[in-house]
Amino acid sequence: MCGIIGIYGNPEAATLAYLGLYAQQHRGQEGAGIVTLDGATVHRHMGQGLVSDVYPDQSALNGLEGNVAIGHTRYSTTGGIDRKNVGPLLFNVEDQPVSIAHNGNLVNLAAKRRELQKQGAIFQTTTDTEIIIHLMARAKGARLVDRVATALEQVEGAFSLLILTPEGLIAARDPYGWRPFAIGKLKDTWVLASETCALDLIGAQELRDVQPGEVLLIDDQGLQTVHQLPQRTAKHCVFEYVYFSRPDSRIFGSNVDKLRRKIGKTLADEAPAPTADIVISVPDSSNTATLGYADRSGIRHEIGLIRNHYVGRSFIRPEQKLRDLTVKLKFSTVKGVLEGKEVVIVDDSIVRGTTMRTLARLLRQAGVKKVHVRITSPPIRFPCHFGLDFPTDKELVAAHRTKEEVQAYLGVDSLEYLSLEGLLASMDLPGDQFCSACFSGKYPIALEESNSKDRFEMEFQDSEVIPDPAL
Ligand code: 5GP
Ligand code: MG
């Protein structure tokens with residue numbers, strides 16, 4: 001997943017983009033970047049880490065002049081955690097600067113990438129995103145936006161895209177509308193963002209979504225829809241409502257907070273825990289759903305876990321051993337609340353099982369009598385190829401285990417997941433307008449080849465230090 005932000009028509013474009021990145025830090029913590037355009041001159045400042053690492057103070061924004069900016073927070077789903085892959089990517093197309101920020105993940109690309117390489121294309125990154133630039137550079141069309149549309153007709157998968165060009169700011173969204181993408185306005189300034197929480201921070205008014213399949217151009221004439229990619233039944237990512245988006249955002253036409261509470265209520269109906277004394281959340285991701293569960297079940301809501309906000313997300317740590325430690329660093333228990341109690345702990349999802357297994361141990365150490373785990377999504381059994389970094393099925397704890405086996409692995413007294421029917425019934429839109437492939441294995445697009453995250457990584461390691469002959 002990633003977060004993207006676009007600003008058109010403001011002398012403070014870089015600062016507004018920076019704020020937009022801050023609001024969308026939760027969508028990607030591996031890297032951040034901003035590219036601005038000042039007439040024909042392009043400026044870029046990017047780096048690995050959090051927004052506050054990349055822009056520690058105002059001076060990092062000083063050189064980013066221009067009225068147009070795009071920004072990106074990265075969470076890798078194709079290509080490694082590597083500086084060259086941090087967005088927005090920047091290229092020259094016929095001596096014009098073109099920069100691209102992408103949220104989503106493209107699939108079935110290997111053959112196309114090979115074909116382009118045979119024709120002489122030299123790829124600079126191992127991302128899926130770069131292919132769009134190569135296809136666009138080869139496409140015919142009077143304007144860059146027409147060439148972008150031609151390129152997008154040739155790719156498959158999830159994309160919410162911002163492309164900065166001297167002809168204007170281009171935005172596009174895949175025909176399934178996989179990832180959220182909102183358009184707003186702050187007086188005369190156009191603001192486009194993955195999530196509306198970024199518009200709110202900037203003070204922009206939400207106008208509408210970039211529609212699934214829409215390719216649009218913003219220039220001095222205003223906003224115009226230039227192209228419509230072939231229509232499909234929407235396949236919005238249901239996991240955006242379960243976990244990814246912030247509760248104060250509005251995505252796919254509904255408030256995340258509202259649907260997340262509803263999901264918690266549905267879970268309370270499906271999986272009560274009548275003997276429990278209290279219900280606690282795993283902050284912050286399951287706070288909202290837990291309110292729904294507590295409200296519907298009538299079990300008292302307590303704050304039993306305290307989260308240390310200065311530790312990064314546990315999910316991202318590469319090694320299993322380290323991950324355990326990070327969970328402990330991140331959460332501590334409130335013993336006075338927990339001691340002697342029978343506790344329902346609500347979380348949004350179980351991926352590898354690390355978080356819940358460690359938390360269950362911590363709860364017992366705090367004197368909890370019984371641990372009842374309630375999860376506001378079905379078991380994640382299949383990898384995501386459309387923008388979430390859900391690992392291969394070997395690492396997914398529920399992929400090859402029964403519910404009883406997962407419960408034993410977690411070491412808890414009961415475990416219940418929300419059913420897929422219950423999850424989809426909690427949505428405002430009909431169930432067939434969501435992608436829930438990570439739960440069901442029913443991918444909306446036929447996957448023709450391996451779409452693993454590292455499929456374009458080079459086989460050599462370039463970390464060897466070559467001594468400088470002058471020394
Ligand atoms: P696990 O520890 O089972 O591998 O992961 C479950 C925890 O990770 C849950 O608390 C959930 O909130 C969080 N989580 C679920 N999906 C994602 C994701 O795509 N990215 C990140 N960073 N965390 C996730
Ligand atoms: Mg969580």
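Predicted model only: the values in this text are computed from it and were never measured. All ligand and atom numbering here is 1-based and tracks the order in the structure.
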Exercise. Would you say the side-chain atoms of Asp277 pair up with the backbone N or O of Lys341, donor to acceptor, closer than 3.5 Å?
Worked result: no
For this session: Run the numbers for me: atoms of ligand 1, each under 4.0 Å from some heavy atom of Phe390, listed by number.
Result: 16 (N), 19 (O)
Exercise. Side chain, backbone, both or neither: which part of Asp348 comes within less than 4.0 Å of ligand 1 when only heavy atoms are counted?
Worked result: side chain
Exercise. Any N/O/S atom of Tyr243 sitting less than 2.8 Å from the Mg ion (ligand 2), backbone or side chain?
Worked result: no
Problem set entry | Residues Arg27 and Glu240 bridged, charged N to O under 4.0 Å | yes
Problem set entry | salt_bridge(Asp393, Arg381) N-O dist < 4.0 Å | no
Problem set entry | Proximal ligand 1 atoms for Phe244, defined as those under 4.0 Å from one of its heavy atoms | 19 (O)
For this session: Look only at the side chain of Glu195 and the backbone of Ile251, and say whether a donor-acceptor pair between them is shorter than 3.5 Å.
Result: no
Exercise. For residues Glu405 and His400, is any side-chain donor paired with an opposing acceptor at under 3.5 Å?
Worked result: no
For this session: Give me the ring orientation class for Phe252 and Phe434: parallel if the planes are under 30° apart, tilted from 30 to 60°, perpendicular past 60°.
Result: perpendicular
Exercise. Ligand 1 and Asp389, any nitrogen or oxygen pair closer than 3.5 angstrom?
Worked result: no
Exercise. Can you list the ligand 1 atoms lying under 4.0 Å from a non-hydrogen atom of Phe239?
Worked result: 16 (N)
For this session: Go through ligand 1 atom by atom and flag the ones less than 4.0 Å from a non-hydrogen atom of Ile350.
Result: 3 (O)
For this session: Please could you name the atoms of ligand 1 that Ser285 approaches to less than 4.0 Å, counting only its heavy atoms?
Result: 12 (O)
Exercise. Which class fits the ring pair Tyr18 and Tyr55: parallel under 30°, tilted 30 to 60°, perpendicular over 60°?
Worked result: perpendicular
For this session: Decide yes or no on side chain to side chain contact (heavy atoms under 4.5 Å, CB included) for His72 and Cys2, but give the supporting numbers first.
Result: CA-CA 7 Å; His72 188 229; Cys2 298; 3.4 Å; yes
For this session: Can you sort out which atoms of ligand 1 are near Thr354, meaning under 4.0 Å from one of its heavy atoms?
Result: 1 (P), 2 (O), 3 (O)
Exercise. Of the choices Ser349, Ser377, Cys438, which has the non-hydrogen atom that lies closest to atom 6 (C) of ligand 1?
Worked result: Ser349
Exercise. Taking only heavy atoms of Gly353, which atoms of ligand 1 are found under 4.0 Å from at least one of them?
Worked result: 1 (P), 3 (O), 4 (O)
